[in-house]
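See structure below.
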Amino acid sequence: MPLVLTDEHRKKLVIGLQYDANESMHNMMKWRGTIFSFVITKPSAWVLIVIHVIFWSCWHYHTCPTDADGLLLDDNCVTTRAFLKRNMYPPSLRDLAPLIGAFTFGMIFYLQSSYVIYRDFYFNGHQIGGIVKNVSILLRAVMRRKEARWNICRHLISSQRILYWEVQKRRHEWHGVGAGEGLHPGMWDTWAPVNLVAASLMTKDEIEYVGAFAGNKHMLLYSWAMEQLREEMGAPLLANGQRPCNLRSDSDESHFLTMCSNQILTLRDNTAKLHQMLLVP
């Protein structure tokens with residue numbers, strides 16, 4: 001018998017999202033995560049349902065008036081069923097195949113696709129946090145100045161905070177919640193000074209520049225981090241005569257720069273994946 005994780009078990013785990021053999025069956029029995037919770041608010045879906053009900057009612061219940069013996073009172077009266085059989089392709093069990101296919105798509109394919117997106121979103125978020133920690137460990141081992149380490153890491157942390165601000169903002173806007181309502185995080189001009197400037201992650205000038213930037217804010221911050229990394233590695237000797245970077249040779253310096261650059265580029269990939277997932281309702 002497969003192990004079923006209870007809520008108490010999940011609270012004790014380091015990562016809350018774990019394998020559950022009955023997970024797919026549980027998801028199929030839930031309303032959220034299926035396509036129906038998405039299409040139920042669409043006017044076009046209700047129009048199609050009303051048209052279907054009208055045709056179904058006419059097919060089953062439309063009759064012509066008859067006398068006590070069951071003879072037609074009006075010879076020109078034609079029932080809907082007779083008219084459709086005479087002039088259109090008669091319905092049969094074979095017509096259920098497209099409906100079954102649509103139901104299968106809605107209940108299984110769309111559900112599993114949505115759940116895969118949810119799992120990828122969850123683990124991408126953990127990977128983003130892990131990469132930022134990797135870069136901080138590398139800088140901690142090499143950069144001697146605390147200011148140098150912080151000037152590089154703060155751009156990566158700022159990108160991570162901006163990403164989750166975008167996630168919260170889009171989620172509430174999907175549900176029709178505007179800025180200043182409910183748990184909406186607010187727009188850039190009100191959110192950034194409180195969550196970035198107050199935390200010493202960005203300056204006011206940087207906030208204004210990033211807010212007016214028409215491109216991807218994350219790519220801008222990653223480029224700043226890589227530029228700052230190169231500047232710190234080429235900085236002059238410290239007051240005590242030591243090099244600013246604790247590296248033994250030029251090859252060691254080149255390897256360190258490559259490792260940090262690869263980590264930042266991988267961070268950009270994970271951020272781009274989350275942006276793509278936000279496009280799916």
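Hydrogens, waters and symmetry mates play no part in the numbers below; they use all other heavy atoms, side chains included.
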- Message: Looking at every heavy atom in both Ser159 and Tyr222, which two are closest together, and how far apart are they?
- Response: OG-OH, 2.8 Å

- Query: Are Met202 and Asn195 close enough, and set up right, to give a side-chain contact (heavy atoms from CB on, under 4.5 Å), and what steps lead you there?
  - Reply: CA-CA 9 Å; Met202 298 180 68; Asn195 293 273; over 6 Å; no

- Message: When you group the ILVMFWY residues by side-chain heavy-atom contacts below 4.5 Å and let the links chain together, are Trp188 and Val197 in the same group?
- Response: yes

- Residue among Arg171, Lys217, Arg161, His275 satisfying side chain to side chain donor-acceptor pair (under 3.5 Å) with Glu166: His275

- Item | Minimum-distance pair of heavy atoms, taken over all atoms of Glu181 and Gly176 | OE1-O, 4.3 Å

- Message: Please give me the minimum heavy-atom distance between Thr190 and Val194, naming the atom from each residue.
- Response: O-CG2, 3.6 Å

- Side-chain touch His172/Pro185, heavy atoms, less than 4.5 angstrom: yes

- Task: May I ask you to check whether over 12 heavy atoms, not counting those of Leu183, lie within 6.0 Å of atom CG?
- Result: no

- Query: Does the distance from a Lys or Arg side-chain N to an Asp or Glu carboxylate O, for Arg149 and Glu232, drop under 4.0 Å?
  - Reply: no

- Passing option when Ser261 is tested against Thr258, Ile264, Leu257 for side-chain contact (heavy atoms from CB on, under 4.5 Å): Leu257

- Item | Test item: Ile152 and Met226 side chains (from C-beta on) under 4.5 Å apart, heavy atoms | no

- What is the distance from atom OG of Ser158 to atom NE2 of His218, rounded to the nearest 0.5 Å? 11.0 Å

- Of all heavy-atom pairs linking Pro244 and Pro236, the shortest is CD-O, 3.7 Å

- Message: Assess the residue pair Trp165 and Leu196 against the criterion (side-chain contact (heavy atoms from CB on, under 4.5 Å)); give the C-alpha distance rounded to whole Å, side-chain angles, the decisive distance to 0.1 Å, and a yes or no.
- Response: CA-CA 11 Å; Trp165 166 73; Leu196 297 178; over 6 Å; no

- Just say parallel, tilted or perpendicular for the rings of His126 and Tyr122, cut-offs at 30° and 60°. tilted

- Pairwise side-chain contact, Trp150 with Leu201, heavy-atom cut-off 4.5 Å (strictly under): yes

- Message: Less than 4.5 Å apart, side chain to side chain, heavy atoms only: is that true for Leu274 and Leu163?
- Response: yes

- Message: I need the Gln228 CD to Leu139 CG distance, nearest 0.5 Å.
- Response: 10.5 Å

- Task: Spell out, yes or no, whether Ile54 and Val47 are grouped together once hydrophobic residues are joined by side-chain heavy atoms under 4.5 Å, including indirect joins.
- Result: no

- Query: Less than 4.5 Å apart, any side-chain heavy atom of Met233 and any of Phe256?
  - Reply: yes

- Message: Using side-chain heavy atoms (C-beta onward) and a distance below 4.5 Å, is Ile131 in contact with Asn270?
- Response: yes

- Query: When you look at Leu138 and Met259, which way does the side-chain contact (heavy atoms from CB on, under 4.5 Å) test go after all the steps?
  - Reply: CA-CA 9 Å; Leu138 289 172; Met259 289 181 62; 3.8 Å; yes

- Message: Please determine whether side-chain contact (heavy atoms from CB on, under 4.5 Å) holds for the pair Asn124 and Met277, giving the CA-CA distance in whole Å, both sets of side-chain angles, and the decisive distance to 0.1 Å.
- Response: CA-CA 11 Å; Asn124 263 287; Met277 295 174 192; 3.5 Å; yes

- Item | Ser136 side chain to Lys133 backbone, donor-acceptor under 3.5 Å | yes

- With sequence neighbours excluded, give me every side chain to side chain donor-acceptor pair (under 3.5 Å) pair touching residues 38-47. none

- Counterpart residues, salt bridge (charged side-chain N to carboxylate O under 4.0 Å, His left out), relative to Lys169 (two or more places apart): Glu173

- Whether Glu206 side chain and Thr203 backbone form a donor-acceptor pair below 3.5 Å: yes

- Mind checking the CG-CD1 spacing from Leu221 to Ile157? Nearest 0.5 Å is all I need. 11.5 Å

- Do you reckon Leu156 sits in the same ILVMFWY cluster as Met219, going by side-chain contacts under 4.5 Å, direct or chained? no

- Would you call Arg243 and Glu253 a side-chain contact if the rule is heavy atoms closer than 4.5 Å? yes

- Query: Can you find a pair of side-chain heavy atoms, one from Val167 and one from Arg170, that are under 4.5 Å apart?
  - Reply: no

- Task: Report the residues that fulfil ring-ring contact (aromatic ring centres under 6.0 Å, His included) with Tyr164, sequence neighbours left out, ordered by chain and then residue number.
- Result: none

- Taking every non-hydrogen atom, the tightest pair across Leu229 and Cys260: CD2-CB, 3.6 Å

